[in-house]
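Remember, predicted model here, so these are calculated numbers, not experimental data. Counting starts at 1 for both ligands and their atoms, following the listed order.
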Amino acid sequence: MRICNVVGARPNFIKIAPLVHEMEVRKIPQLLVHTGQHYDKQMSKVFFEDLNLPYPDIFLGVGSGSHAEQTARLMLSFEKVCLDQEINLVVVGGDVNSTLACALVAAKLGIPVAHVEAGLRSFDKSMPEEINRIITDHISDFLFTTEMSANNNLRNEGISDEAVHFVGNCMIDSLFSLLDLALTGAPWFDFGFEPGSYALLTLHRPANVDERQTLTKILEIINEVSETIPILFPVHPRTKARLSAWQIPLAPTLQVCNPLSYLSFLGLMAKARFVITDSGGIQEETTVLRIPCLTLRPNTERPVTITDGTNRLVEIDRNQLHANINSIFSAQWHTDRPLPPLWDGKASSRIVDILAKWLP
Ligand code: UD1
């Protein structure tokens, strides 16, 4: 019996690492496949180091391309892996193209699929991730959910309750296991900040960064905000390409840097005054760190971060952003709520308990 854990893009490394460690501890034979969807040192290798992930057994090196090209390359190379290796279960995480492609290959070869972070829905099919989530869930045999909204979504889509397991959040397992180490590094000093004296910004969603007008408008507003509090902006490669192509002006108080390692970013998040983002995972991490999070999106697939956490959806609108930041400065923000159910650092252990019972 061998379990194949698939990783491909930055958020996968964080979600799958605690499972790899848990399977190592229980001596469950496993194969780690890195698809190479993300390949830059800063987007991939540094995460393996920070998360203490073993070197992948197989690296597919699929790289970038259009959705069809990338997904097709992923499928062709992962099919070879499934045919060459003895694999009894494929574990995929999240909603990136690697998740969908590898789940589809396995399902068609009759190999059971486990989806970590199943059932999340933004109900917005213009997001490639939403399509990836829906299809992956409908071909998975084990659906591991992070919040109860996901269980409801899956039930509404006709997926049998028996396949769905509410286990908590593996991304938060990684956070709890590495937070102390991240704080020890005091990464804020590297950028000349004191704890609590700066905000963080991340942007990479196609809806925010792929159109010149939208990205320009966001950054005009952010430039203004950064005059109130300095902002650190680690720039995703997708966004970097647009920023340089369109020569969008950035205020000196908006400090730009390359994508950061897991530990640096976690430490910086933990001591930020607030975070502005369009990422999925950061909405969850800020909820656990109890740092106010302004999400520049019209929807979220992670509603528990709003009902139980520190997250708020914000339109790309100067007045709305300023009003929200004012309420953060005047301490009118929910930063004292109990954590969402089962976000306790033990999700990976629950998942491996379930898989271990299924293994012969
Ligand atoms: C992908 C995921 C998204 C996730 C994000 C986290 C999909 C559809 N999207 O988006 O859900 O939130 O990762 O980062 O799977 N690039 C580099 N170096 C790299 C990786 C990418 O330069 O190491 C460039 C690519 O050439 C491409 C762009 O960044 O031009 C986008 O990469 P891609 O993997 O297509 O999607 P992301 O925007 O990273």
Polar contact flag for H38 and ligand 1 (N/O pairs, less than 3.5 Å): yes

Donor-acceptor pair, side chain of T277 and main chain of T295, under 3.5 angstrom: no

Residue-ligand contact S44/ligand 1, heavy atom below 4.0 Å: no

Main-chain N/O of I282 paired with S279 side-chain donor or acceptor, under 3.5 Å: yes

D137 to L143 - nearest heavy-atom pair and separation: O-CD2, 3.4 Å

Option of least heavy-atom distance to atom 24 (C) of ligand 1 (set: G63, P237, P259): P237

Test item, Q70 contacting ligand 1 (heavy atom, 4.0 angstrom): yes

Atom 25 (C) of ligand 1 - nearest protein heavy atom and its distance: S64 OG, 3.0 Å

Atom 36 (O) of ligand 1 - nearest protein heavy atom and its distance: R238 NH2, 3.9 Å

Polar side chain donor-acceptor pair, S348 to E22, under 3.5 angstrom: no

For T136 against L100, the heavy-atom pair lying closest together: OG1-CA, 3.5 Å

Nearest neighbour in protein (non-hydrogen) for atom 11 (O) of ligand 1: E129 OE2, 2.7 Å

R205 touching ligand 1 at heavy-atom level, < 4.0 angstrom: yes

Check: Q37 N/O within less than 3.5 Å of ligand 1 N/O: yes

